[in-house]
Structures are given as structure tokens and as C-alpha cells.
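Order of the sequence lines fixes the chain letters, A, B, ..., with proteins taken first and strands second; residue numbering starts at 1 for each chain.
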2 protein chains.
Amino acid sequence: MELFWEKGFHATSMQDLVSHLGINRASLYDTYGGKEALFDKAFAYYKKTSGAWLEELFQGEASVKQGFQKLFETAIQEAVSDNCRKGCFVVNTTTEMVPGSDKMQHSLMVHKAQIEKLFVGYVQKGLNSGEITSSKSAEELGLMLYTLYNGIRVVSKVDVNPKKLQMVVDAGLSILG
Amino acid sequence: MELFWEKGFHATSMQDLVSHLGINRASLYDTYGGKEALFDKAFAYYKKTSGAWLEELFQGEASVKQGFQKLFETAIQEAVSDNCRKGCFVVNTTTEMVPGSDKMQHSLMVHKAQIEKLFVGYVQKGLNSGEITSSKSAEELGLMLYTLYNGIRVVSKVDVNPKKLQMVVDAGLSILG
DNA sequence: GGCATACTGGAATAGTTGTTCCAAATTTAC
DNA sequence: GTAAATTTGGAACAACTATTCCAGTATGCC
């Protein structure tokens, strides 16, 4: 649900959701069980679809550098075209729900490990093929790019200047060598 | 107020603040005016003290690389020792209040510009002294490091592994050359 | 046509919310 | 000791909150 993504869990009321979805509150409770369960489902869906998209991007682009470039450019484009600046649902949920929900924190840790694995594996592929010439390990490079990606999703909420964001991306990707 | 920092604006009630501060609710309203005004004051205080600390760090450390190393190491140490994982008040507020508050978004933009200026100026100092040998501009490098810093404050809420965080920092700082 | 299922708008529950008011108590200044 | 200022705990206000209940309506199936 875009409302949870845009406003977060606490600032979104069930009444907001009812108005936004256009269905009855009793049906909502029958179908989903409650506010927290509804949020969990929306969040799980987001994680699943964004993870699948990332996997597909990394598998579809043989050039690792191009792949990362595409990833970051997509993040910039999303930021630019997102009028309401909702950013990344995962990043938003990380800052809102940690601390406060051990269950959510655990869920985020599992998701983070999964995405990091994708990043590190993709960098390893570039090192193996010789496309990446850095002397650093795949883990170091992959984790750095993952962290930078998170950072971009935060700063682009405040300042959507594509030129500046592209500068950051170019500088960041330069560590690949 | 640490409660706003830890739980955010929406998840913190006036009742929470009254219990936490141990003063009467009427006094709170007399002194601060209201929940939003109270949040604004706490946030302004945080921005002021963290900005001053950063300025002091950059002015006190002649070696720019050492300065950045110290900055990131402090962020890691804060993450490690912060049991309740409240992260960075500015990053938390960015993700919670944007969108939703134009006033807050403006305030964040101003603050971001100030901190970026500190980062870029410090990198410029390193380039001028020859300590930094990268062919990239101070702006590119400074903005990258600033964005990475934001990213670290997010990911360290989920996973406080100092070794991994240090890897990220080392990889990130390697762009300075 | 009858029955089961699902959805509806309204009402209700119990509690919380931000904020204001008030008489009483405490503190401060002289 | 006294007056003024400040703070206090309780109460109140109006609205909102998550959640449940209900009679009526619509839909699908046999």
C-alpha cells in the first residue's frame, strides 16, 4: 500500500487506508486481520518485488559496471519522478520501526543480508571476469555500494538534483576501478 | 529530546514526553507551546550541536583523511554503543517527515546544504594540500562521502557489525586516492 | 427461489490523542 | 510573612484511534 510507503506505519490511520482503498473497514479486517498485519503484507510484497527486480537486473546485464550504473540511475530517476518523495519503503521502515519492533528489525536484517548477497555476488562476477580491477574484495566493494545506495535513497528525499546525485554515483562507482 | 530521536514525531505522544521528562503537561505547553514546537526545538538543538561537532572535528584534524576516518569511526562506535539503535536524528526525520511537512523539508534542505558544504570544503582542503590525489572534484568526493555517511546511519540501525561497517568505510574512503 | 458468502454504512467500544482549564500547592522574591 | 509567579494533579474538551458488531444488501452457486 502506497500510503504506508509514503507516510509510514504510525502516521497512517485505518481511516486513511479505508478512504484510500475505497473498501469497507470490516472487509479490511476480515481480509487482513488488522493494521499491523496489513502493513506486514504490504512491506513483504514490496521487498519481494524490489528484490526480484534487482535480481533480474543483475542477471540481465552482463556488464557489472553497466548493471550498477543502471541500478543507481534508476534510483535517481525514481527520485526525480516521484512527486511526493516517498523514497524507499525499506529505508523508511528501517528508520521508523527500529527501535520499536524486534520482529521488524529481524525481518529487515534478513532482507538486508539477501540484498547484500546480491550486491557482493555481482561484484564478484565483475572481479572474476576482469571487468573490475580494484584490489579490494567483493565484500568490501559490494557492501560499500549497498550502503551508498541506501544513502542515496535518503538524501534524494531532501534534494532531488539529478546532477548532484549522478556525481555521487559516479564517484561511488569509481571504486570499482 | 531523546524520545523524539528514538521513536520519531508521530510515534511519540505528549503523554510519553510527560512521563519521560517528569514534568507536568501544562508546564510543557507553557514552556514550549505544543508538540510540534517541542519537536522543532529538539531537532534544531540536535542539528546545531552535531553541526558544531563536525565543524570542530574538521578544523581540529589537519589530516583530511584522518578526519574522515575519525568521523566514520565515531559513527560506527555510536552505532555499536547505542543499545536502542536510534541512529541519526536527521536521517530519521528525513524519512519520517518527507513528505508530509514542507516546512520540515525546507529545514532539512538548508541543513543538508550546510553539512555538504563542510564535507566539500574539507575535501578541497585535502586536494589543495596534495594529501588527496584523486582526479575527481571536491564536490564529487565530498557529496559521495556525505551520502555514504547517511547510508551508514541507516544500515547500522539494522546490522551493527563493526567489521562490516569498517569495511564499508575503508572502501568508501579509498576514493580519496 | 433459496441458501451461503461477502460486502456495506452506521454504530459502538474502550482507549488515546493534543490541548486547555482550574483550584490547590509550591516556589521565589522582597 | 506576604504577594506574585510557577508548577501541580486532576479534569475536561473535541477529535481521533484500532477494532468489533450489526442489520441490510449484493453476489454467486445449486
Side-chain angles (χ1 to χ4, degrees), chain A residues 1-47 84-87 89-90 92-108, chain B residues 1-47 84-87 89-90 92-108:
Chain A
M1 274 55 184
E2 284 210 357
L3 263 178
F4 276 137
W5 180 353
E6 178 183 323
K7 301 172 69 170
F9 179 80
H10 294 106
T12 304
S13 67
M14 288 302 283
Q15 184 54 51
D16 289 334
L17 293 166
V18 157
S19 302
H20 183 257
L21 291 167
I23 64 175
N24 185 262
R25 129 192 73 260
S27 300
L28 212 54
Y29 279 92
D30 280 343
T31 307
Y32 294 99
K35 187 182 180 188
E36 191 177 325
L38 184 56
F39 182 90
D40 286 349
K41 282 188 172 71
F43 190 53
Y45 178 79
Y46 178 89
K47 284 188 289 178
C84 73
R85 301 179 186 231
K86 52 188 187 294
F89 199 171
V90 173
N92 293 348
T93 299
T94 300
T95 54
E96 184 188 9
M97 307 298 250
V98 179
S101 171
D102 288 343
K103 198 185 81 174
M104 186 60 67
Q105 184 175 316
H106 179 262
S107 173
L108 286 159
Chain B
M1 271 62 184
E2 284 212 357
L3 262 178
F4 277 136
W5 180 351
E6 176 183 325
K7 301 172 68 170
F9 179 80
H10 293 107
T12 306
S13 67
M14 290 302 283
Q15 185 52 52
D16 290 335
L17 293 164
V18 157
S19 302
H20 183 256
L21 292 166
I23 65 176
N24 184 261
R25 131 188 75 260
S27 300
L28 211 55
Y29 279 91
D30 279 344
T31 307
Y32 294 100
K35 188 184 179 187
E36 191 178 325
L38 183 57
F39 182 89
D40 287 347
K41 283 184 171 70
F43 192 53
Y45 178 79
Y46 178 88
K47 284 187 290 177
C84 73
R85 301 180 185 230
K86 53 187 186 294
F89 200 171
V90 173
N92 294 347
T93 299
T94 300
T95 55
E96 184 187 9
M97 307 297 252
V98 178
S101 171
D102 289 343
K103 198 185 82 173
M104 186 60 65
Q105 184 175 314
H106 179 262
S107 173
L108 286 160

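Taking all atoms of both residues into account, the shortest heavy-atom contact from Ala42(A) to Phe4(A) is CB-CD1, 4.4 Å.
A search for side chain to side chain donor-acceptor pair (under 3.5 Å) contacts involving Lys35(B) returns nothing, not counting sequence neighbours. Residues satisfying the salt bridge (charged side-chain N to carboxylate O under 4.0 Å, His left out) test with Lys7(A), not counting sequence neighbours, are Asp16(A). Looking at residues two or more places apart in sequence or on another chain, you find a side chain to side chain contact (heavy atoms under 4.5 Å, CB included) between Gln15(B) and Ser13(B), Val18(B), Ser19(B), Arg25(B). In this structure, Thr12(B) has no side chain to side chain donor-acceptor pair (under 3.5 Å) partners at least two apart in sequence or on a different chain.
Rounded to 10°, the helix from dG1(C)-dC30(D) to dC30(C)-dG1(D) has 20° between the axis fitted to its first five pairs and the one fitted to its last five.
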Take nucleotides 16-29 of chain C nucleotide by nucleotide from the 5' end and write B, S or -, depending on whether a protein heavy atom sits under 4.0 Å from the base, only from the sugar-phosphate, or from neither. -SSBBB--------

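Going from atom CD of Glu36(B) over to atom CZ of Phe39(B) covers 9.5 Å, rounded to the nearest 0.5 Å. Atoms CG and OH, on Leu17(A) and Tyr32(A) in that order, are 10.0 Å from each other to the nearest 0.5 Å. Between atom NZ of residue Lys47(B) and atom OG of residue Ser107(B) there is a gap of 2.5 Å, rounded to the nearest 0.5 Å. The OG1 atom of Thr31(B) lies 10.5 Å from the CG atom of Leu21(B); values are rounded to the nearest 0.5 Å.
With rounding to whole Å, Leu28(A) atom CG is found 13 Å from dG9(C) atom P.
Mapping heavy-atom proximity under 4.0 Å, the span of DNA chain D touched by chain A runs 5' to 3' from dT17(D) to dC21(D).
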Tell me which donor-acceptor pairs under 3.5 Å the side chains of residues 93-105 of chain A have, and how far apart each pair is, sequence neighbours excluded?
from, atom 1, to, atom 2, distance (Å)
Thr93(A), OG1, Phe89(A), O, 2.8
Thr94(A), OG1, Val90(A), O, 2.7
Thr95(A), OG1, Val91(A), O, 3.4
Thr95(A), OG1, Asn92(A), O, 3.1
Thr95(A), OG1, Thr95(B), OG1, 2.4
Glu96(A), OE1, Phe9(A), N, 2.9
Glu96(A), OE2, Phe9(A), N, 3.2
Glu96(A), OE2, His10(A), N, 2.9
Glu96(A), OE2, His10(A), ND1, 3.0
Ser101(A), OG, Met104(A), N, 3.1
Lys103(A), NZ, Asp40(A), OD2, 3.0

